Amino acid sequence: MEHTENKTNFITNAINHDIADKVYKNDRIHTRFPPEPNGYLHIGHAKAALLNYRIAQQYNGKFNLRFDDTNPIKEDMEYVDSIKKDLSWLGIDWEDRLFFASSYFEKMANYAVELIKKGLAFVDDLTADEMREYRGNLNEPGKESPYRNRSIEENLNLFEQMKAGKLPEGSRVLRAKIDMASPNMNMRDPAIYRILHTTHHSTKDEWFIFPMYDYAHPIEDAIEGITHSLCTLEFEDHRPFYEWVLSNLNDFQNEPPRQIEFAMLNLTKTILGKRFIKQLVDEKIVDGWDDPRLVTISGLRRRGYTPESIQNFCEAIGIAKNNSTVDIAMLEHFIRDDLKFKAPRLMTVLDPLKVTITNYPEGQVEWVELPLNQEDPEIGNYCTPFSREIYVERSDFLELPPKKFYRLFSGNEVRLRGAYFVVCNEVIKDAAGKVIELKCTYDPATRSGSGFAERKVKGTIHWVDANLSKKVEIHLYDNLIDDDEGLTKDNFLERINPNSLKIIEGYAEPEVMKAKPLEKFQFIRNGFFSADPKYSTLEVPVFNQIVSLKSSWKPEK
RNA sequence: AGGGGUAUGGCCAAGUCGGUAAGGCACAAGAUUUUGAUUCUUGCAUGCGUAGGUUCGAGUCCUGCUACCCCUGCCA
């Protein structure tokens with residue numbers, strides 16, 4: 001994957017220091033992306049996954065994909081599959097290093113036994129509620145559990161029973177024995193194993209106990225030889241426990257992984273919280289995880305975003321510890337930037353107004369030739385039909401034009417892209433006064449490509465032939481939400497933009513009808529569009545608007 | 001008896017040993033243009049949360065404030 005010079009950030013700085021200090025043998029660098037298979041990936045995950053992958057590449061190291069599947073209640077195989085698909089699509093290659101935390105369950109249980117034997121873990125009978133009371137709060141120390149000083153033998157025996165499924169779900173928990181008075185809540189004897197009589201999507205009914213994230217994660221990293229374990233800021237407080245686990249296990253005294261935290265991505269005008277996205281999907285407010293309005297990877301893909309645009313975006317926003325919210329305009333910039341050369345440029349009229357060219361012979365059709373993309377002549381030309389009746393965009397005509405309006409109005413001449421100059425002579429209205437048709441005349445001498453230079457015209461507009469164009473369905477999108485200030489579980493549904501999807505019918509020139517699913521186009525002056533793989537039919541293709549074109553046209557003054 | 005973090009232009013974000021504020025997005029103006037797009041050119045922090053201090057010199061070092069984020073799941 002070709003890409004730019006590597007940007008520096010505080011993580012690469014830290015790695016450079018580790019290398020200078022010879023922390024890891026042969027300067028080996030090994031990263032991982034550890035998603036929990038409990039939902040679809042979104043662009044925030046892309047930032048994290050790409051960060052880990054890029055660092056491995058940059059340092060000639062290795063990258064693992066590891067599913068952190070330690071909680072069978074929330075997880076599902078469907079998510080494993082979608083995550084793999086999305087990461088591959090993003091250009092991330094884990095080679096043969098696909099792992100599952102669940103395949104380390106036996107080892108993790110043995111390490112728990114090691115901790116028990118060292119007097120560093122104990123089985124607790126306290127209920128969840130009692131544990132919460134005993135934990136104390138931010139200002140007061142907690143109390144030690146009455147079960148904290150059980151004998152090692154008793155702990156071993158009880159843990160064995162937990163493991164064997166002989167104890168009821170939730171009845172006991174294995175806890176690390178650290179310090180109930182620690183100012184860091186994560187060090188107040190955190191639970192490391194809970195009893196769950198739930199079928200796991202991959203180990204099935206083999207296990208009745210499941211390790212907690214804080215205990216499992218450092219072990220997973222260490223087993224795989226990870227050097228730098230990158231995660232988000234909220235785990236900063238968990239780092240002391242991460243280090244506690246590794247420092248107390250004999251197997252991990254050499255080159256233990258180092259946890260480094262960075263800020264997660266926030267984006268303006270959209271929903272990025274996993275649980276919010278899931279709620280939209282579950283309540284069918286959106287059309288599944290791949291609804292084009294969502295910033296899930298699958299949603300962006302269906303919308304028409306390219307992997308390159310997402311890679312470039314993630315590269316551009318950088319990595320830091322600062323809580324920040326990136327303007328969605330940044331994402332839009334990178335898809336425009338990527339598609340401007342890649343996407344053929346065709347004509348589609350989204351809000352048609354009929355135009356009759358009164359001096360053009362009735363029944364005549366001529367095919368005019370146009371470049372598929374004038375910025376890349378390599379991809380060639382195509383032809384489109386032109387005749388006496390065409391459609392233009394309703395917004396390209398104004399009865400009372402403001403100053404500097406270069407489009408159609410009575411008496412004004414414009415260029416029809418790829419065809420002729422036309423001048424508007426007459427405006428036809430219906431009984432209600434709505435403009436329903438324009439009568440224009442064309443000048444045969446002005447045909448595109450003829451070299452005509454007698455006079456110039458300020459505006460060029462797009463059009464389609466009225467008889468030979470085809471109906472297409474167009475899905476226009478607007479932001480899912482205005483801003484997420486004060487967004488909560490309860491109010492967030494009513495904050496969703498009711499007009500985030502608008503379905504209209506447009507007319508497309510014949511060339512557009514060749515579109516294959518997910519093929520991307522620029523519809524001249526209307527934006528970038530992608531053929532929807534779900535709803536397109538042979539009769540009526542459906543196009544998703546990826547992003548509009550920028551416009552500096554301001555009607556006033 | 002709280003603890004852990006973060007503050008550089010409208011939004012992101014570089015700023016190694018202290019040497020006189022990169023880049024991108026957005027925005028504005030102009031040029032080119034058969035897309036009011038693209039492209040090009042120009043502009044956009046005497047200033048780095050704030051108040052002091054050290055120094056010939058401070059975004060970088062020291063001290064004190066302030067604001068915001070995270071932590072009291074048998075979630076991750």
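Throughout, a chain's letter reflects where its sequence line sits, starting with A, and its residues are numbered from 1. Remember, predicted model here, so these are calculated numbers, not experimental data.
In this structure, the nucleotide among B:rA76, B:rU34, B:rA1 sitting nearest to the side chain of A:Glu234 is B:rA76. The A:Arg417 side chain lies nearest to B:rU34 when the options are B:rG36, B:rU38, B:rU34. Distances were taken from every side-chain heavy atom of A:Lys550 (C-beta onward) to each of B:rA13, B:rU38, B:rG2; the shortest belongs to B:rU38. Candidate nucleotides B:rU35, B:rG36, B:rA76 were compared by shortest atom distance to the side chain of A:Arg345, and B:rU35 ranks first. Residue A:Asn322 has its side chain nearest to B:rA13 when only B:rA14, B:rA13, B:rA76 are considered. Nearest nucleotide to the A:His333 side chain, out of B:rA26, B:rA29, B:rU72: B:rA26. Distance from the side chain of A:Pro183 is smallest to B:rA1 among B:rA1, B:rG5, B:rG36. Distances from the side chain of A:Met131 to the nucleotides B:rC12, B:rG36, B:rC74 place B:rC74 closest.
Base-pair partner of B:rG36: not found among the strands shown (Watson-Crick or G-U wobble, both distances under 3.5 Å). The partner of B:rA28 is B:rU42, by the rule that a Watson-Crick or G-U pair needs both atom distances under 3.5 Å. Figure legend. B:rU63 is base-paired to B:rA51; pairs are counted as Watson-Crick or G-U wobble with both atom distances under 3.5 Å. Base pairing annotation: B:rC68 forms a Watson-Crick or G-U wobble pair with B:rG5, both donor-acceptor distances under 3.5 Å.
Across all strands shown, A:Met212 has heavy atoms under 4.0 Å from sugar-phosphate atoms exclusively, and none from any base. Residue contacts for A:Gly449: at a heavy-atom cut-off of 4.0 Å it reaches a base atom on one of the strands shown. At a threshold of 4.0 angstrom between heavy atoms, the contacts of A:Lys274 with the nucleic acid are absent. Within 4.0 Å of A:Phe313, counting heavy atoms only, lies no atom of the nucleic acid at all. Within 4.0 Å of A:Gln374, counting heavy atoms only, lies at least one base atom of the nucleic acid. A:Ile317 comes within 4.0 angstrom of sugar-phosphate atoms only, judged by non-hydrogen atoms across all strands, and of no base. Across all strands shown, A:Arg135 has heavy atoms under 4.0 Å from sugar-phosphate atoms exclusively, and none from any base. Using a 4.0 Å heavy-atom criterion, one finds that A:Phe235 contacts the bases of the nucleic acid, with or without backbone contacts as well. Within the nucleic acid shown, A:Gly527 has no heavy atom closer than 4.0 Å to any nucleic acid atom. At the heavy-atom level, A:Asn139 lies under 4.0 Å from base atoms of the strands shown. A:Asp124 comes within contact range of no nucleotide atom at all, as no heavy-atom separation falls under 4.0 Å. Contacts of A:Ala419 with the nucleic acid, taken as non-hydrogen atoms under 4.0 Å apart, are absent. Contact annotation for A:His462: no contact, since no heavy-atom pair falls under 4.0 Å across all strands. Counting non-hydrogen atoms under 4.0 angstrom, A:Ala320 reaches the backbone sugars and phosphates but no base.
A sub-4.0 Å separation between OP1 or OP2 of B:rA76 and a side-chain N or O of A:Thr70 is present. For the OP1/OP2 pair of B:rG3 and a distance below 4.0 Å, the side-chain nitrogens and oxygens of A:Ser182 include no atom meeting the criterion. The phosphate of B:rA7 has neither OP1 nor OP2 within less than 4.0 Å of any side-chain N or O from A:Lys321. A:Thr8 has a side-chain polar atom (N or O) that falls below the 4.0 Å cut-off from OP1 or OP2 of B:rG15.
The residue among A:Tyr213 and A:Glu375 whose nearest nucleotide of RNA chain B is located toward the 5' end is A:Glu375. Comparing A:Arg188 and A:Leu233 against RNA chain B, the residue whose closest nucleotide sits nearer the 5' end is A:Arg188.
Side-chain rings of A:His238 and A:Phe241 stay apart, their centers remaining 6.0 Å or farther from each other. Aromatic ring centroids of A:Tyr147 and A:Phe122 lie 6.0 Å or more apart.
Between A:Lys321 and A:Glu236 a salt bridge is recorded (basic side-chain N to carboxylate O distance below 4.0 Å). Look at A:Glu375 and A:Arg345 and you find a salt bridge, because one of the NZ, NE, NH1 or NH2 atoms lies within 4.0 Å of a carboxylate O, short of that distance. Using a cut-off of 4.0 Å between Lys/Arg side-chain N and Asp/Glu carboxylate O, A:Glu393 and A:Arg525 are scored as not salt-bridged.
In this model, no side-chain donor or acceptor of A:Arg525 finds a partner on the base of B:rG36 within 3.5 Å. Donor-acceptor pairing under 3.5 Å, judged by distance alone, is present between the side chain of A:Asp237 and the base of B:rG3. A donor N or O paired with an acceptor N or O is found under 3.5 Å between the base of B:rU35 and the side-chain atoms of A:Gln522. On a pure distance criterion of 3.5 Å, a polar donor-acceptor pair joins the side chain of A:Ser448 and the base of B:rU34.
Of the candidates A:Leu167, A:Val123, A:Leu115, A:Phe159 forms a side chain to side chain contact (heavy atoms under 4.5 Å, CB included) with just one, namely A:Val123.
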Residues A:His217, A:Phe235; criterion ring-ring contact (aromatic ring centres under 6.0 Å, His included); working and verdict: CA-CA 11 Å; A:His217 210 84; A:Phe235 292 105; 7.7 Å; no

Please report the C-alpha distance between A:Tyr305 and A:Phe334 in whole Å, then the side-chain angles of each, then the deciding distance to 0.1 Å, and finally whether the ring-ring contact (aromatic ring centres under 6.0 Å, His included) criterion is met. CA-CA 9 Å; A:Tyr305 273 80; A:Phe334 284 99; over 10 Å; no

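Between the C1' atoms of B:rC70 and B:rG57, the separation comes to 38 Å (whole Å). Comparing the same atom, P, in B:rC48 and in B:rU60 gives a spacing of 9 Å after rounding to whole Å. Spacing of C1' atoms, B:rA28 relative to B:rU66, comes out at 34 Å, to the nearest Å.
A distance cut-off of 5.5 Å between ring centres, combined with a plane angle under 30°, places A:Trp553 in a stacking arrangement with the base of B:rG36.
Taking each heavy atom of A:Thr31 and A:Ile226 in turn, the nearest pair found is O-CD1, 3.6 Å.
Against the 90° criterion about 0, the sugar-base torsion of B:rG43 places it in the anti range. In this entry the base of B:rC17 is syn relative to its sugar, with a glycosidic angle within 90° of 0.
For the pair A:Leu267 CG and B:rC11 P, the computed distance is 15 Å after rounding to whole Å.
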